[in-house]
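Inspection log for the structure reproduced underneath, given as structure tokens.
Predicted model, so just to flag it, every value in this text is computed and none were measured.
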Amino acid sequence: DRAVGTDPITMVSAWRIEGVVDLSVVLDDATQVYPGDPEPRLSVATRIESEGFNLLRVEIGSQSGTHVDSPYHFKTDGLRLEQCDLGLFVGPGVVIDARGKGPRERITMADVAPYEQRLRDGTIALLQTGWSDTHYGTNAYFEHPFLDGRACEQMLSWGVRTFAIDCINLDETILDGREPDFSCHVQIAAAGGIIAEN
């Protein structure tokens, strides 16, 4: 970005945006949620015809739809979303092609290594599995590929602090009663990072 003008009162930032890509899922009553999370409820609160204005009542969990996890999500003394550095949300994206992974398959160092030279401080790692394109809205969506804890640790050592995935969870989603392993969530929270899911 570049500053326009020199007077601090009138100085504005001008951004050159080459393209905007909306990566979010639709947020409505049918939005798929992590097992056990509150389901979104959207309803009409007021109408122009009766109250003079339209207003929607929205009830959602903080992890509904496309969302980000702040460090507080997995660290009791971690930063809450409003306390996080905005720099974690802006930067060059590095798309890591993990398409072709099967159900519950790990995204490993072998998958991440080809992108090592581009993964550094300030980059946003975008894990593209293609899972949301083919399985969103079905039970198979919960069988998604996920980031391996060792690959996450290595990416953190390269300076990556923002991770995104086109699935409901960066870690494996457990449905069979086994204890969930949130190793990537825990590591990223400890490093003060951000996770974007869905």
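With sequence neighbours excluded, the residues that form a side chain to side chain donor-acceptor pair (under 3.5 Å) with H144 are T173. With sequence neighbours left out, H67 forms a ring pair (Phe, Tyr, Trp, His ring centres under 6.0 Å) with no residue at all. Applying the ring pair (Phe, Tyr, Trp, His ring centres under 6.0 Å) test to Y141 and every residue at least two apart in sequence or in another chain returns Y136. For the side chain to side chain donor-acceptor pair (under 3.5 Å) test, residues two or more places apart in sequence or in another chain that qualify with D77 are K75. Annotation: side chain to side chain donor-acceptor pair (under 3.5 Å) contacts of R57 (sequence neighbours excluded): none. In this view, A151 and M109, V112, L147, D148 satisfy the side chain to side chain contact (heavy atoms under 4.5 Å, CB included) rule, not counting sequence neighbours. Residues meeting the ring pair (Phe, Tyr, Trp, His ring centres under 6.0 Å) test with Y115, sequence neighbours left out: none. S24 pairs by the side chain to side chain donor-acceptor pair (under 3.5 Å) definition with D22, not counting sequence neighbours.
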Sequence neighbours excluded and cut-off under 3.5 Å, please list the side-chain donor-acceptor pairs for residues 85-101, or say none.
{"residue": "D85", "atom": "OD1", "partner": "G87", "partner atom": "N", "Å": "2.7"}
{"residue": "D97", "atom": "OD1", "partner": "R99", "partner atom": "N", "Å": "3.0"}
{"residue": "D97", "atom": "OD1", "partner": "R99", "partner atom": "NE", "Å": "2.9"}
{"residue": "D97", "atom": "OD2", "partner": "R99", "partner atom": "NH2", "Å": "2.8"}
{"residue": "K101", "atom": "NZ", "partner": "R106", "partner atom": "O", "Å": "3.0"}
{"residue": "K101", "atom": "NZ", "partner": "D111", "partner atom": "OD1", "Å": "3.3"}
{"residue": "K101", "atom": "NZ", "partner": "D111", "partner atom": "OD2", "Å": "2.7"}

Please tabulate, one pair per line, all N/O donor-acceptor pairs under 3.5 Å involving side-chain atoms of residues 35-44, not counting sequence neighbours.
{"residue": "E39", "atom": "OE1", "partner": "R41", "partner atom": "NH2", "Å": "3.1"}

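One N or O on the side chain of D166 and one on the backbone of T129 form a donor-acceptor pair closer than 3.5 Å. Formation of a donor-acceptor pair under 3.5 Å by the R120 side chain with backbone atoms of R118 is found in this model. A donor-acceptor pair under 3.5 Å is formed between the side chain of T66 and the backbone N or O of V25.
Members clustered with L55: F53, by chain and number, using a 4.5 Å side-chain heavy-atom cutoff among hydrophobic residues.
Distance SG/C184 to CZ/F163: 7.5 Å, rounded to 0.5 Å. Within the model, atoms OG of S183 and CZ of F146 stand 8.5 Å from one another, a figure rounded to the nearest 0.5 Å. Note that CD1 of I168 is 13.5 Å distant from NE2 of H135, once rounded to the nearest 0.5 Å.
Among residues at least two apart or in separate chains, salt bridge (charged side-chain N to carboxylate O under 4.0 Å, His left out) pairs with a member in residues 121-147 are R104-E143.
Both I195 and I165 belong to a common hydrophobic cluster when Ile, Leu, Val, Met, Phe, Trp and Tyr are linked at side-chain heavy-atom distances under 4.5 angstrom. Linking ILVMFWY side-chain heavy atoms closer than 4.5 Å, directly or via other members, places L127 and I188 in a single hydrophobic cluster. When hydrophobic clusters are built by joining Ile, Leu, Val, Met, Phe, Trp and Tyr residues whose side-chain heavy atoms come closer than 4.5 Å, directly or via intermediates, L156 is not grouped with I194. Using a 4.5 Å cut-off between side-chain heavy atoms of Ile, Leu, Val, Met, Phe, Trp and Tyr, with links allowed through other members, L119 and L170 fall into the same hydrophobic cluster. Tracing side-chain contacts under 4.5 Å through hydrophobic residues (I, L, V, M, F, W, Y), one reaches W131 starting from F142; they form part of the same cluster.
The environment of CZ in F182 is crowded: more than 12 heavy-atom neighbours from other residues, nucleotides or ligands sit within 6.0 Å.
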Check step by step if side chain to side chain donor-acceptor pair (under 3.5 Å) holds for H185 and E197.
-> CA-CA 11 Å; H185 277 79; E197 295 167 327; 3.1 Å; yes

Please walk me through it: do L79 and S70 pass side-chain contact (heavy atoms from CB on, under 4.5 Å)?
-> CA-CA 7 Å; L79 295 176; S70 70; 5.9 Å; no

